[in-house]
Amino acid sequence: MASTRFKAGRISIEDNPRQGRPKFQRTDENVQKITDLIKENPRTTLLELEQDTGISKTTIGKIVTEDLKLKKTPAKFIPRFLTNEQKLCRLSTCEDMMEMTRTDPEWKDKIITGDDTWVYGYDPETKPQSAEWRGNVFGHSSPSKGSDSKKRTEKWTNGGWILHHDNARPHTAHLMTSFLAKNGTQILIQPPYFPDIAPNDFFLFPKLKAVLKGRHFDTRDDIIEKSPLALKSIPKEAYKNCFDNWEKRWRWCVEARGDYFEKF
């Protein structure tokens with residue numbers, strides 16, 4: 001303030017120079033600059049990006065959400081590093097799946113998939129500090145406490161179905177594989193560390209848990225009652241879009257040569 005400045009020995013009555021309105025805009029150069037910084041450090045914040053680039057936080061926010069189509073994904077969902085053997089396994093599986101879509105236009109009506117997930121008595125909301133800027137990257141959901149998927153029993157009687165489940169030990173045990181082979185059940189294989197291309201992991205469980213997060217359940221029966229209601233609240237169209245997205249993810253995985261894919 002003026003009185004404070006004069007007491008400090010200042011004699012000029014002119015105002016201090018002001019920075020003025022930022023001249024930075026959503027140019028291709030700035031979009032690329034933000035993209036490079038996020039790739040270098042996915043946990044960076046808008047404030048840190050503003051400090052590193054001099055671009056206003058408002059403009060950076062629009063670049064991140066509108067131009068790059070990114071959103072925050074909790075760190076616990078970031079997948080592990082893959083070995084070359086695991087990448088080749090993912091690549092081979094996705095190529096087989098893509099071939100299935102070309103030879104069988106009715107494949108979506110034949111797939112039966114299921115998995116288990118934990119539903120906690122209380123699951124706190126994710127802290128913002130554990131979030132990273134990510135595109136279409138997905139990772140592991142929680143371990144299983146109760147199954148949230150039911151098999152369509154009518155498919156069993158006519159044999160016109162394909163089973164897709166994870167590679168948990170009960171599913172890959174000799175007793176189980178022999179049983180499925182005896183009954184002529186077709187298997188859609190899921191390699192290890194494949195949650196980004198498993199419908200339950202990238203679609204169903206996140207939607208289920210988004211509804212249940214932050215809520216307290218006193219008993220197991222209360223969880224059993226509320227979980228199906230949360231599942232039924234998901235529109236049928238969303239399930240259809242999930243299978244469409246599933247097919248796209250196979251192609252993205254092939255383009256990434258079996259690695260996890262990032263859609264920047």
Side-chain angles (χ1 to χ4, degrees), residues 79 82 85-117 136-144 146-209 227-228 231-232 234-261:
L82 298 173
E85 183 179 359
Q86 290 165 344
K87 291 179 183 180
L88 289 175
C89 184
R90 285 165 51 90
L91 176 60
S92 175
T93 300
C94 286
E95 288 176 337
D96 290 343
M97 289 177 172
M98 292 175 64
E99 179 62 25
M100 176 189 66
T101 65
R102 288 191 287 265
T103 58
D104 187 359
E106 298 181 356
W107 68 272
K108 293 179 183 178
D109 296 327
K110 298 179 180 179
I111 298 291
I112 293 181
T113 184
D115 202 350
D116 313 291
T117 186
N136 293 324
V137 181
F138 300 82
H140 294 291
S141 56
S142 302
S144 169
S147 177
D148 294 311
S149 300
K150 295 183 179 180
K151 308 296 186 292
R152 290 170 286 174
T153 55
E154 71 276 5
K155 293 290 184 180
W156 175 265
T157 57
N158 59 30
W161 62 295
I162 304 173
L163 176 62
H164 172 262
H165 60 190
D166 61 25
N167 57 352
R169 289 187 178 182
H171 298 160
T172 57
H174 178 70
L175 183 63
M176 174 59 70
T177 55
S178 298
F179 174 79
L180 295 174
K182 179 181 177 181
N183 289 274
T185 302
Q186 299 183 63
I187 301 295
L188 196 62
I189 299 175
Q190 177 175 307
Y193 312 112
F194 213 21
D196 54 335
I197 316 184
N200 290 310
D201 287 322
F202 75 74
F203 166 74
L204 186 62
F205 291 158
K207 285 190 173 292
L208 169 66
K209 294 183 179 184
S227 296
L231 291 173
K232 291 179 180 178
I234 302 174
K236 291 183 178 180
E237 187 66 21
Y239 286 99
K240 178 183 179 301
N241 292 337
C242 166
F243 272 74
D244 293 338
N245 194 16
W246 193 18
E247 186 174 355
K248 293 178 183 177
R249 286 165 177 267
W250 300 337
R251 184 176 68 254
W252 293 341
C253 185
V254 171
E255 292 174 355
R257 305 308 297 168
D259 205 346
Y260 294 116
F261 44 81

For Leu180 and Gln186, run side-chain contact (heavy atoms from CB on, under 4.5 Å): C-alpha distance rounded to whole Å, both residues' side-chain angles, the deciding distance at 0.1 Å, then the answer.
-> CA-CA 8 Å; Leu180 295 174; Gln186 299 183 63; over 6 Å; no
Between OG1 on residue Thr113 and CG on residue Asn200, distance to nearest 0.5 Å = 4.5 Å
Measure from the ring center of Trp161 to the ring center of Trp107 and say whether it is less than 6.0 Å.
-> no
Between Val254 and Leu91, is a side-chain contact (heavy atoms from CB on, under 4.5 Å) present by the stated rule, with each step listed?
-> CA-CA 6 Å; Val254 171; Leu91 176 60; 4.1 Å; yes
Can you find a pair of side-chain heavy atoms, one from Leu204 and one from Tyr239, that are under 4.5 Å apart?
-> yes
Under 4.5 Å between any side-chain heavy atoms of Asn245 and Trp252, yes or no?
-> yes
Take Asp104 and Lys110 through the test side-chain contact (heavy atoms from CB on, under 4.5 Å) and record every step on the way to the result.
-> CA-CA 10 Å; Asp104 187 359; Lys110 298 179 180 179; 2.9 Å; yes
How about Arg90 and Ile197: do any of their side-chain heavy atoms sit closer than 4.5 Å?
-> yes
Which heavy atom in His164 sits nearest to a heavy atom in Pro199, and how many Å separate them?
-> CE1-CD, 3.8 Å
Any sub-3.5 Å donor-acceptor pair from Thr177's side-chain atoms to His174's backbone N or O?
-> yes
Asp259 side, atom CG; Leu82 side, atom CG - distance, nearest 0.5 Å | 5.5 Å
Leu88 side, atom CG; Arg257 side, atom CZ - distance, nearest 0.5 Å | 8.5 Å
Would Phe203 and Trp246 satisfy side-chain contact (heavy atoms from CB on, under 4.5 Å), going step by step from the backbone distance to the final call?
-> CA-CA 9 Å; Phe203 166 74; Trp246 193 18; over 6 Å; no
Measuring from Cys242:SG to Glu237:CD, what's the distance to the nearest 0.5 Å?
-> 12.0 Å
Rounded to the nearest 0.5 Å, the CD1 atom of Ile187 sits from the CE atom of Met176 at a distance of 9.0 Å
Given side chains that start at C-beta, do those of Leu231 and Leu208 come closer than 4.5 Å, heavy atoms only?
-> yes
Counting only heavy atoms not in Glu85, do more than 12 sit closer than 6.0 Å to its CD atom?
-> no
Only one of Lys108, Arg251, Arg249 forms a salt bridge (Lys or Arg N to Asp or Glu O under 4.0 Å) with Asp244, so which one is it?
-> Lys108
Kindly give the heavy-atom pair with the smallest separation between Thr101 and Trp250, and that separation in Å.
-> CG2-CZ3, 3.4 Å
Sort out for me which residue in Ile111, Asp96, Thr93, Leu163 forms a side-chain contact (heavy atoms from CB on, under 4.5 Å) with Leu188.
-> Ile111
Give, for atom CD of Glu247 and atom SG of Cys94, the distance between the pair rounded to the nearest 0.5 Å.
-> 11.5 Å
